[in-house]
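One structure is given here, and the rest of the page talks about it.
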Amino acid sequence: LEHTDDDVQALRELRRVTRGRGRLLVAVPALPRLWSSHDVAAQHRRRYTRRSLAFAAAQAGWVAGRSTYFNTLLLPPMAAVRAATRNRPPRTDLLRASGPVSLVLEPALRLEAHMLRTGLRLPLGLSLLMLLEPR
């Protein structure tokens, strides 16, 4: 959705091709204030909040169900990196997360995945996960 010019139209098409009472699980980049050269390099058109994704979904015939932010534990360091690199030429953060950095990231992401499996709803994060149901 973040890569399309018209996210509502994309959600309408996903609703059209979803069988009967089928549901859609959406994961998108979160928090517009985190916009950075990473988003430009990734060819994103937008980042979402819970409210903005639910609004786009409603316009397309979906009802927002359970949602949570994720990549929460990475939010403070990535927010600092993105603020510091906001005006630099487009470059993705993903290339920086290799080697020793991955050894630090993996346990943090595993811990967060465990928290989400227990039903915890995270208040902020780099990404947003939302279950959409047909209206």
Side-chain angles (χ1 to χ4, degrees):
L1 294 178
E2 68 272 14
H3 298 279
T4 64
D5 288 329
D6 188 341
D7 56 347
V8 173
Q9 183 56 40
L11 285 163
R12 277 190 190 113
E13 179 62 10
L14 288 165
R15 177 65 196 108
R16 186 187 72 76
V17 299
T18 301
R19 279 192 182 161
R21 301 292 304 159
R23 298 180 289 177
L24 178 66
L25 186 61
V26 178
V28 294
L31 306 177
R33 294 189 73 185
L34 291 179
W35 185 267
S36 71
S37 63
H38 166 77
D39 294 288
V40 176
Q43 298 181 0
H44 292 168
R45 303 286 190 261
R46 69 197 64 76
R47 298 181 73 82
Y48 292 88
T49 63
R50 214 180 242 129
R51 177 179 282 166
S52 67
L53 182 55
F55 182 75
Q59 289 182 297
W62 295 98
V63 174
R66 182 167 165 71
S67 66
T68 186
Y69 288 94
F70 65 104
N71 289 324
T72 299
L73 298 173
L74 300 178
L75 180 60
M78 289 309 301
V81 166
R82 291 190 178 174
T85 61
R86 180 158 288 144
N87 296 319
R88 291 195 182 157
R91 182 174 156 193
T92 180
D93 298 333
L94 300 177
L95 300 176
R96 298 181 197 143
S98 61
V101 174
S102 293
L103 296 175
V104 174
L105 295 179
E106 187 174 346
L109 293 174
R110 286 185 184 278
L111 173 61
E112 191 170 290
H114 172 73
M115 294 176 354
L116 292 174
R117 278 192 299 273
T118 67
L120 187 64
R121 183 175 153 179
L122 301 174
L124 287 175
L126 295 171
S127 304
L128 174 61
L129 186 67
M130 184 175 285
L131 181 63
L132 302 179
E133 302 182 38
R135 192 172 327 144

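The same ILVMFWY cluster, assembled from side-chain heavy atoms under 4.5 Å apart, contains both Leu24 and Leu53. Cluster membership check: Leu120 shares its hydrophobic cluster with Leu25, using side-chain heavy-atom separations under 4.5 Å among Ile, Leu, Val, Met, Phe, Trp and Tyr. Hydrophobic clustering, with ILVMFWY side chains joined whenever heavy atoms are under 4.5 angstrom apart, keeps Val63 apart from Met130. In the hydrophobic cluster analysis, where Ile, Leu, Val, Met, Phe, Trp and Tyr join through side-chain heavy atoms closer than 4.5 angstrom, Phe70 is grouped apart from Leu1.
Considering CG of Asp39 and CZ of Arg47, their distance stands at 4.5 Å, rounded to 0.5 Å. To the nearest 0.5 angstrom, Thr68 atom OG1 is 10.0 Å from Leu124 atom CG. Atom CG of Leu131 and atom CH2 of Trp62 lie 9.0 Å apart (nearest 0.5 Å). For the atom pair CG (Asn71) and CE (Met78), the distance works out to 9.5 Å, reported to the nearest 0.5 Å. Atom CG in Leu74 sits 5.0 Å away from atom CG in Leu109 (nearest 0.5 Å). Rounded to the nearest 0.5 angstrom, Glu106 CD and Leu111 CG are separated by 12.5 Å.
Between Ala27 and Leu129, the shortest heavy-atom contact is CB-CD1, 4.0 Å. Taking each heavy atom of Pro134 and Gly22 in turn, the nearest pair found is CD-O, 3.2 Å. Residues Ser36 and Arg82 come closest through the heavy atom pair OG-CD, 3.4 Å. Heavy atoms only, all atoms of each residue included: Leu122 and Glu112 are closest at CD1-CG, 3.6 Å. Closest non-hydrogen pair, Glu133 versus Gly65, comes out as OE2-CA, 4.4 Å. Taking every heavy atom of both residues into account, Gly125 and Ala30 meet most closely at O-CB, 3.5 Å.
Here the side chains of Leu105 and Leu73 are not in contact, with every heavy-atom distance at 4.5 Å or above. Annotation: side chain of Val28 is not in contact with side chain of Asp7 (no heavy-atom distance under 4.5 Å). Residues Leu31 and Leu128 fail the side-chain proximity criterion, which asks for heavy atoms closer than 4.5 Å. Residues Leu11 and Leu132 meet the side-chain proximity criterion, which asks for heavy atoms closer than 4.5 Å. Within the 4.5 Å cutoff, the side chain of Val26 has no heavy atoms near those of the Leu14 side chain.
Side-chain atoms of Tyr69 come within 3.5 Å of backbone N or O of Arg50 as a donor-acceptor pair. A distance-only check finds no donor-acceptor pair linking the side chain of His44 to the backbone of His38 [under 3.5 Å]. Remark: side-chain polar atoms of Arg46 are paired, donor with acceptor, to backbone N or O of Asp5 under 3.5 angstrom.
Within a 6.0 Å radius of CZ in Arg135, more than 12 heavy atoms belonging to other residues, nucleotides or ligands are found. The 12-atom threshold is not exceeded at CZ of Arg23, counting heavy atoms of other residues, nucleotides or ligands nearer than 6.0 Å. Dense packing is recorded around CZ of Arg66, with more than 12 heavy atoms of other residues, nucleotides or ligands lying under 6.0 Å away.
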